[in-house]
Amino acid sequence: MTQQPDHPSAQSAQDHVDPERLEAAIAALAAFGGRDDGGVSRQTLTDVDLASRRHLVERARALGCEVGTDDCANLYFRRPGKADLPPVLTGSHADTQPVGGKLDGAYGVLAGLETIAALNDAGIETLRPIEVVSWTNEEGSRFGPGTMGSSAFVDPARLAGYRESRDLDGVRFGDALDAALAAMPDLRRLPMPRPMSACVELHIEQGPVLESAGLPLGVVDGIQSVRWYRVTCRGMMAHAGTTPMENRRDAMAMAVGIAAQLYARGAQLTAQGLRLTLGRWQVEPNSINTIPGTVVFTVDARCVDETVLDTFEAALDRAVAEAPPRGAASRESLFRRAPTRFPPAMLALVERACGRAAASAGCGAPIRLTSGAFHDAMYLADHCPTGMIFVPSKDGISHNAAEHTDAAELFLGAKALAYTVTALAQQAD
């Protein structure tokens, strides 16, 4: 991607973003799965998600977009350009956690559509087409893993395995996917992957950095590395009241011992950026008066520095191997991803877009920060030059009904996105 100087159309598109229209669009989508506490429950490929997809399709068509889908039910809203060139892609996802907020993912999709509305209002025709995408199953809360839609777009070979994933009710992702595609026979089926000239994702930060700095915009320089593990501890179920302590093979005692070592090592690596979570625990038989026979727990380790994760992984392996009795514990790797680094030219363009948006409101210049969370941009970075923009999250809260970002900050994020996407769409190479 060749960096170009400012184009007047990028500034004009930014200046035509309508905050009231954006706010209304967010409220309209939040009604699909809206909860009394202000949150949203719209898990992927549920009936309410399918209804929200139709809502997005109708909104995009009202803006003059061509609408298509692919074998993973990703939705693409295309504004044609002057030339038949690979498009600029923006967007995010519209699915939520079981109890989520109205912004996580949805904001990026709706701000992408607002960019198209702003271009329409400004009467701007871009050289390249612009596509707004709503990826399928970014959250991974109903079917695992997350980021299915974007990762399958980049590497369609992944989809066959994803189709076998089941939710807690035993529903196959493949069956839910087929039903979703059948529900929209009017959409053109698009191939995976397709050439994209660039991708920009706008998202709430889901953390406290921007709010703590008192800044409305952040330039995301990359996404930190992550490794997921599953640890299994095998003991012997026995009666809690009749089995002497010295005769027990307690799987929970084994698991707690390993966990204590992991937390201790994690504390030593905190200064080097390690973030450690032991998130999911399964206990069998999970009875108040039975000694646990099997305990399984997951480990989520993240850091910008891969060598720190190597150090932690070695500590994990030692803790598992040395847990008494030896051989009763094991671990397996569930997922690992190296850090994502966004290219300098994209960072410079996003920084310029954010800086102009912030200056229009008399706010401080944006800062650069690294995302600690997964995003679809993580996989798109393997496919084309990619960048991200963050807006603050109140108290750093997300995946929660209390998730909130001030309307003025959402407006500035959409302005930064409109500038970035338009500038990219005017580039010939």
S.K.: Assess, by modelled atom type and distance only, whether the side chains of Tyr162 and Ser151 contain a donor and an acceptor separated by less than 3.5 Å.
M.R.: yes
S.K.: Identify, with sequence neighbours excluded, every residue that meets ring-ring contact (aromatic ring centres under 6.0 Å, His included) alongside Phe390.
M.R.: His375
S.K.: Residues two or more places apart in sequence or in another chain: which of them pass ring-ring contact (aromatic ring centres under 6.0 Å, His included) with Phe342?
M.R.: none
S.K.: Look up atom CE in Met196 and atom CG in Leu89, then write down how far apart they are to the nearest 0.5 Å.
M.R.: 5.0 Å
S.K.: Apply ring-ring contact (aromatic ring centres under 6.0 Å, His included) to Phe374 and Trp135, showing your working.
M.R.: CA-CA 13 Å; Phe374 287 0; Trp135 299 112; over 10 Å; no
S.K.: Kindly indicate, with the supporting measurements, whether the criterion salt bridge (Lys or Arg N to Asp or Glu O under 4.0 Å) is fulfilled by Arg337 and Asp382.
M.R.: CA-CA 12 Å; Arg337 175 85 183 181; Asp382 295 337; 2.9 Å; yes
S.K.: Testing Arg53, His55, Lys102 for side chain to side chain contact (heavy atoms under 4.5 Å, CB included) with Phe32, which one passes?
M.R.: His55
S.K.: Treating Arg42 as the side-chain partner and Ala94 as the backbone partner, does any N or O pair qualify as donor plus acceptor under 3.5 Å?
M.R.: yes
S.K.: Taking ring-ring contact (aromatic ring centres under 6.0 Å, His included) as the definition, give me every residue that meets it alongside Phe143, ordered by chain and number, with sequence neighbours left out.
M.R.: Phe173
S.K.: Check residues 210-217 and write down every donor-acceptor pair under 3.5 Å in which the side-chain atom is one partner and the other belongs to a residue at least two apart or another chain.
M.R.:
{"residue": "Glu211", "atom": "OE1", "partner": "Asp395", "partner atom": "N", "Å": "2.8"}
{"residue": "Glu211", "atom": "OE2", "partner": "Asp395", "partner atom": "N", "Å": "3.4"}
{"residue": "Ser212", "atom": "OG", "partner": "Pro208", "partner atom": "O", "Å": "2.8"}

S.K.: Is it the case that the side chain of Arg142 and the backbone of Thr44 share a donor-acceptor pair, with hydrogens and angles ignored and the cut-off at 3.5 Å?
M.R.: yes
S.K.: Any salt bridge (charged side-chain N to carboxylate O under 4.0 Å, His left out) involving residues 183-196? Give me the pairs, sequence neighbours left out, ordered by first then second residue.
M.R.: Arg54-Asp186, Arg61-Asp186, Asp71-Arg189, Glu131-Arg194
S.K.: Rounded to the nearest 0.5 Å, what separates atom NE2 in His203 from atom OG1 in Thr405?
M.R.: 10.5 Å
S.K.: Any side-chain heavy atom of Leu159 sitting closer than 4.5 Å to one from Met148?
M.R.: no
S.K.: Roughly how far, to the nearest 0.5 Å, is OG of Ser41 from CG of Asp49?
M.R.: 10.5 Å
S.K.: By ring-ring contact (aromatic ring centres under 6.0 Å, His included), which residues pair with Tyr263, not counting sequence neighbours?
M.R.: none
